[in-house]
Amino acid sequence: MKRTSDYLNEIARQSDLFYELTDKERDALKKCLLSIYIDVKSVCDKYGLTLMLGGGSVLGAVRHKGFIPWDDDFDMMMPRADFDKLKEVFEKELSDKYILSVPRYRGLCTSLYMQILKPKTILKTPFNGTGYDNILVDVYAIEKMPNVLGVRKLKCLFLDLLRIISISISEYKSRKIRSKYFKNDRIASFYYKTRCIIGFIFYPLGREKMYNFFDKMASSSTGMTHCTIPTGRKMSRGECLQREVFLPVSKGIFEGMEVNLPHNPDAYLKNLYGNYMQIPPVEKRERHFYTEIDLGAEFTIEK
């Protein structure tokens with residue numbers, strides 16, 4: 001199932017309205033993202049919290065020993081208990097340098113997962129209707145799932161439906177910003193209009209309340225045999241794997257640093273990407289498109 005970001009990438013490739021970072025800008029951005037990761041990892045080490053790379057960052061570590069050359073984001077994941085503990089200590093340990101956006105937290109909540117934003121930076125996209133445009137890293141919760149297969153499948157279906165509703169509310173809320181980018185692609189336009197209709201139906205429930213309810217439901221299972229990433233690219237059903245695929249962590253190298261990876265990165269990556277060691281052709285590489293970038297005073301972009 002395609003995500004909104006998949007359609008946006010396809011549309012952006014066919015348009016001259018958007019800006020793709022230069023190599024020097026992308027290199028500077030990667031240094032900024034690594035600095036955020038180092039700060040977060042330091043706090044996690046201090047409190048004994050398990051933090052590992054996730055998604056495309058795992059792929060980068062395994063296939064490239066660092067960032068995917070054409071990519072410019074950073075993904076992490078944590079077991080739910082550690083994820084919640086990081087929320088608890090964030091204000092004490094990291095609030096002087098960063099902003100936290102996460103469900104069921106007293107501050108900002110603009111996504112279903114945790115995002116750690118760097119103030120006084122800009123990474124702006126015309127697709128972003130959440131109200132912030134900062135450089136950030138994503139942190140996903142690894143959730144326990146029911147041991148019984150039938151119950152586990154029902155739980156995955158329930159979470160995936162909640163996620164579709166929650167994100168559709170956000171799509172509807174951002175329709176004035178995003179809809180114009182879909183109008184020239186018939187399939188993408190139909191997809192987006194459908195999501196907006198769903199969002200309109202459930203809009204009275206409130207986006208933030210739905211984000212909080214989703215997070216509460218995702219964290220409610222106590223099983224020990226399987227885990228999933230309900231906020232991951234393939235949703236709950238697509239990312240539900242045996243617990244030993246995720247934990248305990250294994251070690252890898254990322255940009256010269258030792259990092260934590262899922263216990264079985266091969267099984268994890270095959271589930272997400274199939275033949276993950278094969279370099280995709282240029283037209284199928286996932287890229288990000290922006291309208292403005294400012295790394296702040298700490299990082300400079302070489303001319």
Side-chain angles (χ1 to χ4, degrees), residues 1-14 20-21 23 26-27 29-30 33-34 37 51-79 113 137-143 145 149 152-153 156-157 159-160 163-164 185 187-188 191 225-289:
M1 180 178 179
K2 281 191 175 184
R3 302 166 297 161
T4 302
S5 59
D6 296 325
Y7 284 109
L8 292 176
N9 261 274
E10 291 175 5
I11 292 168
R13 289 179 188 281
Q14 302 167 16
E20 186 173 2
L21 301 183
D23 289 341
R26 188 173 289 111
D27 287 343
L29 174 57
K30 290 175 180 178
L33 293 172
L34 278 177
Y37 163 73
L51 178 73
M52 69 184 86
L53 302 194
S57 296
V58 179
L59 177 59
V62 172
R63 194 171 68 191
H64 304 278
K65 304 301 180 185
F67 284 101
I68 297 172
W70 54 87
D71 198 13
D72 45 47
D73 62 2
F74 198 94
D75 299 323
M76 297 173 277
M77 53 190 186
M78 309 176 70
Y113 43 88
V137 297
D138 297 326
V139 187
Y140 302 94
I142 302 172
E143 307 287 8
M145 294 300 287
L149 176 61
R152 186 164 63 246
K153 287 185 175 182
C156 285
L157 177 61
L159 290 177
D160 289 348
R163 173 173 164 170
I164 289 170
D185 186 307
I187 296 175
Y191 162 85
T225 63
H226 287 72
C227 294
T228 191
I229 314 289
T231 52
R233 64 187 295 125
K234 296 184 72 174
M235 305 176 65
S236 295
R237 288 173 293 173
E239 300 211 14
C240 188
L241 300 167
Q242 291 184 335
R243 184 181 185 277
E244 54 263 31
V245 172
F246 296 99
L247 297 164
V249 299
S250 63
K251 298 295 182 180
I253 299 297
F254 192 95
E255 301 295 338
M257 299 184 298
E258 184 179 77
V259 294
N260 293 332
L261 301 177
H263 179 70
N264 188 341
D266 179 65
Y268 175 78
L269 290 172
K270 282 180 178 176
N271 179 65
L272 284 183
Y273 304 106
N275 183 10
Y276 62 88
M277 291 303 290
Q278 181 176 342
I279 303 294
V282 173
E283 65 273 12
K284 292 187 177 181
R285 295 175 184 175
E286 186 172 322
R287 307 295 286 260
H288 301 105
F289 298 85

I'd like to know if the side chain of [X] and the backbone of [Y] have a donor-acceptor N/O pair within less than 3.5 Å.
{"X": "Lys30", "Y": "Asp73", "result": "no"}
{"X": "Ser57", "Y": "Asp75", "result": "yes"}
{"X": "Glu239", "Y": "Arg233", "result": "yes"}
{"X": "Arg63", "Y": "Tyr276", "result": "yes"}

Report yes if the side chains of [X] and [Y] come closer than 4.5 Å at any heavy-atom pair, otherwise no.
{"X": "Met52", "Y": "Val58", "value": "no"}
{"X": "Val259", "Y": "Met76", "value": "no"}
{"X": "Leu261", "Y": "Val249", "value": "no"}
{"X": "Asn264", "Y": "Gln242", "value": "no"}
{"X": "His226", "Y": "Arg243", "value": "no"}

Can you list every side-chain hydrogen bond (donor to acceptor under 3.5 Å, both in side chains) pair that touches residues 249-261, not counting sequence neighbours?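 For residues 249-261: Lys251-Asn260.
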
Tell me the closest heavy-atom pair linking [X] and [Y], and the distance in Å.
{"X": "Thr228", "Y": "Cys240", "value": "OG1-N, 3.3 Å"}
{"X": "Arg237", "Y": "Cys156", "value": "CG-CB, 3.4 Å"}
{"X": "Leu159", "Y": "Ser236", "value": "CB-OG, 3.4 Å"}
{"X": "Ala141", "Y": "Ile229", "value": "O-CD1, 3.9 Å"}
{"X": "His263", "Y": "Pro248", "value": "CB-O, 2.7 Å"}
{"X": "Ile142", "Y": "Cys227", "value": "CG2-CB, 3.7 Å"}

Mutual orientation of the aromatic rings belonging to Tyr140 and Tyr113 [parallel < 30°, tilted 30-60°, perpendicular > 60°]: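 Aromatic pair Tyr140/Tyr113 classed tilted.
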
Any idea how Tyr268 and Phe246 line up, ring-wise: parallel (<30°), tilted (30 to 60°), or perpendicular (>60°)?
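Tyr268 and Phe246: perpendicular rings.
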
Does the distance from a Lys or Arg side-chain N to an Asp or Glu carboxylate O, for Asp160 and Arg163, drop under 4.0 Å?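 The answer is no: the pair does not qualify as a salt bridge.
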
In this structure, are over 12 heavy atoms from other groups packed under 6.0 Å from Asp23 atom CG?
->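 12 or below, so no.
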
Note to self: Would Lys234 and Asn271 count as a side chain to side chain contact (heavy atoms under 4.5 Å, CB included) here? Give the steps.
What the structure shows: CA-CA 9 Å; Lys234 296 184 72 174; Asn271 179 65; 4.2 Å; yes

Nearest 0.5 Å, please: how far is [atom2] in [Y] from [atom1] in [X]?
{"X": "Leu33", "Y": "Asp72", "atom1": "CG", "atom2": "CG", "value": "7.5 Å"}
{"X": "Leu241", "Y": "Thr225", "atom1": "CG", "atom2": "OG1", "value": "11.5 Å"}
{"X": "Met257", "Y": "Tyr37", "atom1": "CE", "atom2": "OH", "value": "5.5 Å"}

*Quick one: do Ile279 and His64 satisfy side chain to side chain contact (heavy atoms under 4.5 Å, CB included)? Show the steps, please.*
CA-CA 10 Å; Ile279 303 294; His64 304 278; 3.8 Å; yes

Next on the checklist: Please determine whether ring pair (Phe, Tyr, Trp, His ring centres under 6.0 Å) holds for the pair Phe254 and Phe67, giving the CA-CA distance in whole Å, both sets of side-chain angles, and the decisive distance to 0.1 Å.
Outcome noted: CA-CA 7 Å; Phe254 192 95; Phe67 284 101; 5.0 Å; yes

### Audit row: Arg26, Asp71, side chain to side chain contact (heavy atoms under 4.5 Å, CB included) steps and yes/no
CA-CA 8 Å; Arg26 188 173 289 111; Asp71 198 13; over 6 Å; no

